[in-house]
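Computed over heavy atoms, backbone and side chain alike; hydrogens, waters and symmetry mates excluded. Naming convention: chains lettered A, B, ... in sequence-line order (proteins, then strands); numbering from 1 in each chain.
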Number of protein chains: 4
Amino acid sequence: MDHKIPAPCRRERIMAAARAVFARCGFDKARLDDIAAAASVAKGTVYWHFRDKATLFCCVAEDMVSRDLAATLHASSQSLSAVQCLNSLLEVFLKRLVSVHEESGSLVFELWSSAGTSVPGIGEFLLQAHKRWRDAIKRILEDGRNRGEFSARLDLDATASLIMATLTGTIVNLRFGGLDERSRLDNIRQRLLLAVQAW
Amino acid sequence: MDHKIPAPCRRERIMAAARAVFARCGFDKARLDDIAAAASVAKGTVYWHFRDKATLFCCVAEDMVSRDLAATLHASSQSLSAVQCLNSLLEVFLKRLVSVHEESGSLVFELWSSAGTSVPGIGEFLLQAHKRWRDAIKRILEDGRNRGEFSARLDLDATASLIMATLTGTIVNLRFGGLDERSRLDNIRQRLLLAVQAW
Amino acid sequence: MDHKIPAPCRRERIMAAARAVFARCGFDKARLDDIAAAASVAKGTVYWHFRDKATLFCCVAEDMVSRDLAATLHASSQSLSAVQCLNSLLEVFLKRLVSVHEESGSLVFELWSSAGTSVPGIGEFLLQAHKRWRDAIKRILEDGRNRGEFSARLDLDATASLIMATLTGTIVNLRFGGLDERSRLDNIRQRLLLAVQAW
Amino acid sequence: MDHKIPAPCRRERIMAAARAVFARCGFDKARLDDIAAAASVAKGTVYWHFRDKATLFCCVAEDMVSRDLAATLHASSQSLSAVQCLNSLLEVFLKRLVSVHEESGSLVFELWSSAGTSVPGIGEFLLQAHKRWRDAIKRILEDGRNRGEFSARLDLDATASLIMATLTGTIVNLRFGGLDERSRLDNIRQRLLLAVQAW
DNA sequence: AATGAATGAGCATTCATTCAT
DNA sequence: AATGAATGAATGCTCATTCAT
């Protein structure tokens, strides 16, 4: 039909389509037909590139998390002081939530709910992803403690977990808070920095 | 067949069974047959009491949230000072997460993911529930500010949102944090109290 | 609830409700719940008065046909000449189709379609009903032939069948003819009389 | 499994099977499983070719009516005089009723009963089909009137409706008349011709 | 007589997956 | 690589019928 679609980008087209459909419908309600249609590809083609629906979902998830993590770490790596570093990380994390991938928001909830039921392997994947994020934060905190920017008694693990919780919970707030929490993201970032410096 | 099941508690049996199955399988993967079987009831009986699967899910959700909210508010209402009050609220909230309803944990993720896709009306319900929680916290904060326990400049809305975010994020941490975060719940509570008093 | 419904007319209420619902929905699509509701009666009550759905349908059918047949025969019995007699029969038959029981129209189609599939016994019933109608017509024709009003060579059976066919087909025309055939019923009657006298 | 079934005729196989099953069981009682089995096809295949049960039914109906109408018109188009033409039409119509499609008989009753209840769109379809038949008859009558074969005062619409009624009613007679009306079909045809020429 | 909760067989429809081309 | 027709297991929901009260 459309001879305009170059073969090599088929896989990417499918993943983009899948990301959109999974975000809109959730894993279970997403239909392979819709994904194929959204990618302007026959259903069989999806199966040539991905073993099955769950695998496709995992690929999409991995891709999304990798991009988010890379972008965040890159931003924070530009800074010199640990405080600036943490500030950048928070800023980028929160910004991405509302701008770059509006889709990500929905997908995260799908990831959480599909862990353990719909998609085998997602649970493990989420543990890894969570650890990657927390370790990144922990490293910054450790660095700051070594440089004297943070208290010597700062509990690295506990603090990193608490920051993760707040960031994660903000995702939920953005969706189900009712208020327009977007305008309060800067406020959240500043308070977190204050709190860390106080602990 | 089984003449042992007293008629009047049929509805409750079904809701309990549904809660368990929804928590284990998620909304989409949960089969009405399994719920009926778990309730030792014929499938038709479920439909006599609940219009459809989505309605059953909503009833279970509403019941769960109401119980959690009531228990939390009751606990915090026993205290005199706002700090104690907030402390109780946090304590009960976090305790319930890990003990009373282990099921609740899973169900919350289902609720989040089903909003907007699988179950019409859940989105609205979650907004209401979120508001109920946040308002409860806000009231305590306001009370504390009036009594001079908290800073006069304390931003009630922002702080309530931040506390909600942290509590909510802790639910996620407990599930996907990898570490055994349960042992750190007390730590989280204490830090939150400290932070609130500092803001 | 309503203590105003006298018990003795329960059976009649149910039959009236059933006639309406069967006419509106057809046998298969008619739900016992709807019939019971329309009769302001509990579902179990329907089963106390009628063995099952098919039996209820048969009772309704028998009642309807009996009434129609009785009314028609009564009308034609008032006349003296066979021509007048036949005229009355046709007139009443056609009039009832469009006025007295608008419901009858729909029910007849249901009867026809349910014969042999949905409702055992309906086929036999329809044969009997058809025979009763045709015999009534045949008797009038025979009477007229004996009196010299019709040709001595008039084939009683064939003519009766033909009249039945025309009357029956008119029911179909009224429903699926598109045109408003009601205004043409008199015309049909007159032509039939003319034709019979010519044969 | 069975590699003996050529792919291209799948759709036709399904329609033939559906026609048989619908004729035997009626629309509501017909099971998609039976239709699929009768067509030696998986149930999903039926849904690949037809949106749903109702659509399949409509397709079968349309096909049947089209074939019947085409055959009848073809036959009558061979004749020169209007009387012969009408004679042919009646002959073929009546012959098809009892020979070519014994199935048609049952299906017609299903069509009538499903109009307005079970199958949306069938009512409209029947109106169209009825009109097509009546118009064909009307055209022949008009032709005959112009040629002087019929009375100049012949009411085309009324006569066409009456002929339709008689033919339609004969379908009913054949099924519920009790007598073996098949032997009388010629008689009916001749009488109708006589009557038309007399009107 | 009447009620209405409970039952469970039945069925249309969906959709992930396969495979011949 | 790609297609899309074919498959068939899976499942939500309906509704006639029963029965304890």
Side-chain angles (χ1 to χ4, degrees), chain A residues 1 5 7-8 10-11 14 28-37 40-56, chain B residues 1-3 5 7-8 10-11 14 28-37 39-54 56, chain C residues 1 5 7-8 10-11 14 28-37 40-56, chain D residues 1-3 5 7-8 10-11 14 28-37 39-54 56:
Chain A
M1 329 214 154
I5 307 164
R10 284 290 214 292
R11 192 188 157 92
I14 294 171
D28 286 301
K29 286 271 190 300
R31 304 188 309 127
L32 261 293
D33 293 83
D34 290 341
I35 292 172
S40 301
V41 145
K43 199 162 33 163
T45 307
V46 177
Y47 278 87
W48 194 89
H49 289 283
F50 301 91
R51 171 169 301 280
D52 55 18
K53 195 186 182 183
T55 303
L56 175 56
Chain B
M1 323 216 154
D2 265 289
H3 296 291
I5 307 164
R10 285 291 211 294
R11 192 188 156 92
I14 293 170
D28 286 300
K29 286 271 191 299
R31 301 187 308 127
L32 259 294
D33 294 86
D34 290 341
I35 293 173
S40 301
V41 145
K43 201 169 14 173
T45 306
V46 178
Y47 283 89
W48 173 262
H49 290 281
F50 302 91
R51 174 168 298 280
D52 55 19
K53 196 186 181 185
L56 174 57
Chain C
M1 329 215 155
I5 308 165
R10 285 291 214 291
R11 192 188 156 91
I14 294 171
D28 286 300
K29 286 271 192 298
R31 303 188 310 128
L32 261 293
D33 293 84
D34 290 341
I35 293 172
S40 300
V41 146
K43 198 161 34 161
T45 307
V46 177
Y47 279 86
W48 194 89
H49 288 281
F50 302 91
R51 173 169 299 281
D52 55 21
K53 195 186 182 184
T55 302
L56 175 56
Chain D
M1 322 222 155
D2 266 290
H3 296 290
I5 307 163
R10 286 290 213 294
R11 193 188 156 91
I14 293 169
D28 286 300
K29 285 270 192 301
R31 301 187 307 128
L32 259 294
D33 293 86
D34 290 341
I35 293 173
S40 300
V41 145
K43 202 168 11 171
T45 307
V46 177
Y47 282 89
W48 174 261
H49 290 280
F50 302 91
R51 173 168 299 281
D52 55 19
K53 196 186 182 185
L56 175 56

Subject >> Integer-rounded Å distance: dC13(F) P and R31(B) CZ >> reply: 14 Å
Original post:
Can you tell which of dA6(E), dA2(F), dC13(F) lies closest to the side chain of Y47(B)?
Top reply: dC13(F)
Original post:
Measuring from L56(A):CG to R11(A):CZ, what's the distance to the nearest 0.5 Å?
Top reply: 9.0 Å
Subject >> 5' priority, DNA chain F, between G44(D) and L32(B) [closest heavy atom] >> reply: G44(D)
**OP:** Send over the distance from K43(A) NZ to dT17(E) C1', rounded to a whole Å.
**Re:** 8 Å
Subject >> Whole angstrom value for the distance that separates P of dT13(E) from CG of D33(D) >> reply: 12 Å
Original post:
Can you tell me how far the CD1 atom of I35(B) sits from the OG1 atom of T45(B), to the nearest 0.5 Å?
Top reply: 13.0 Å
Original post:
If you check every side-chain atom of R10(D), which of dA16(F), dA12(E), dT7(F) has the closest atom?
Top reply: dT7(F)
Subject >> Under the 3.5 Å Watson-Crick or G-U criterion, the dot-bracket string of DNA chain F, with | for inter-strand pairs >> reply: .||||||||||||||||||||
Original post:
Of all heavy-atom pairs between V46(D) and A36(D), which one has the smallest distance, and what is that distance?
Top reply: CG2-CB, 4.0 Å
Original post:
Quick one: is T45(C) getting a side-chain N or O under 4.0 Å of the dA1(E) phosphate, OP1 or OP2?
Top reply: no
**OP:** Would you mind reading off the distance between K53(C) atom NZ and dT18(F) atom P, rounded to a whole angstrom?
**Re:** 14 Å
Original post:
Taking the P atom of each, how far is dA1(E) from dT21(F), in whole Å?
Top reply: 22 Å
**OP:** Could you pull out all residues at least two apart from A54(B) that satisfy side-chain contact (heavy atoms from CB on, under 4.5 Å)?
**Re:** F27(B), D52(B), V119(B)
Original post:
Please give, in whole Å, the distance from dA2(E) P to F50(C) CZ?
Top reply: 12 Å
Subject >> Between C1' of dT17(F) and NE2 of H49(C), the distance in whole Å >> reply: 17 Å
**OP:** Could you check whether A30(C) gets within reach of a base, just the sugar-phosphate, or nothing at all, counting any heavy atom under 4.0 Å?
**Re:** sugar-phosphate
**OP:** Using the closest heavy atom to pick a nucleotide of DNA chain F for each, name whichever of A42(A) or R51(C) lands nearer the 5' end.
**Re:** A42(A)
Subject >> Spacing between D52(B) atom CG and dT11(F) atom P, to the nearest angstrom >> reply: 17 Å
Original post:
Between dC13(F), dC15(E), dT7(E), which one does the side chain of V41(B) approach most closely?
Top reply: dT7(E)
Original post:
Could you state the interatomic distance from NZ (K53(D)) to OH (Y47(D)), rounded to the nearest 0.5 Å?
Top reply: 8.0 Å
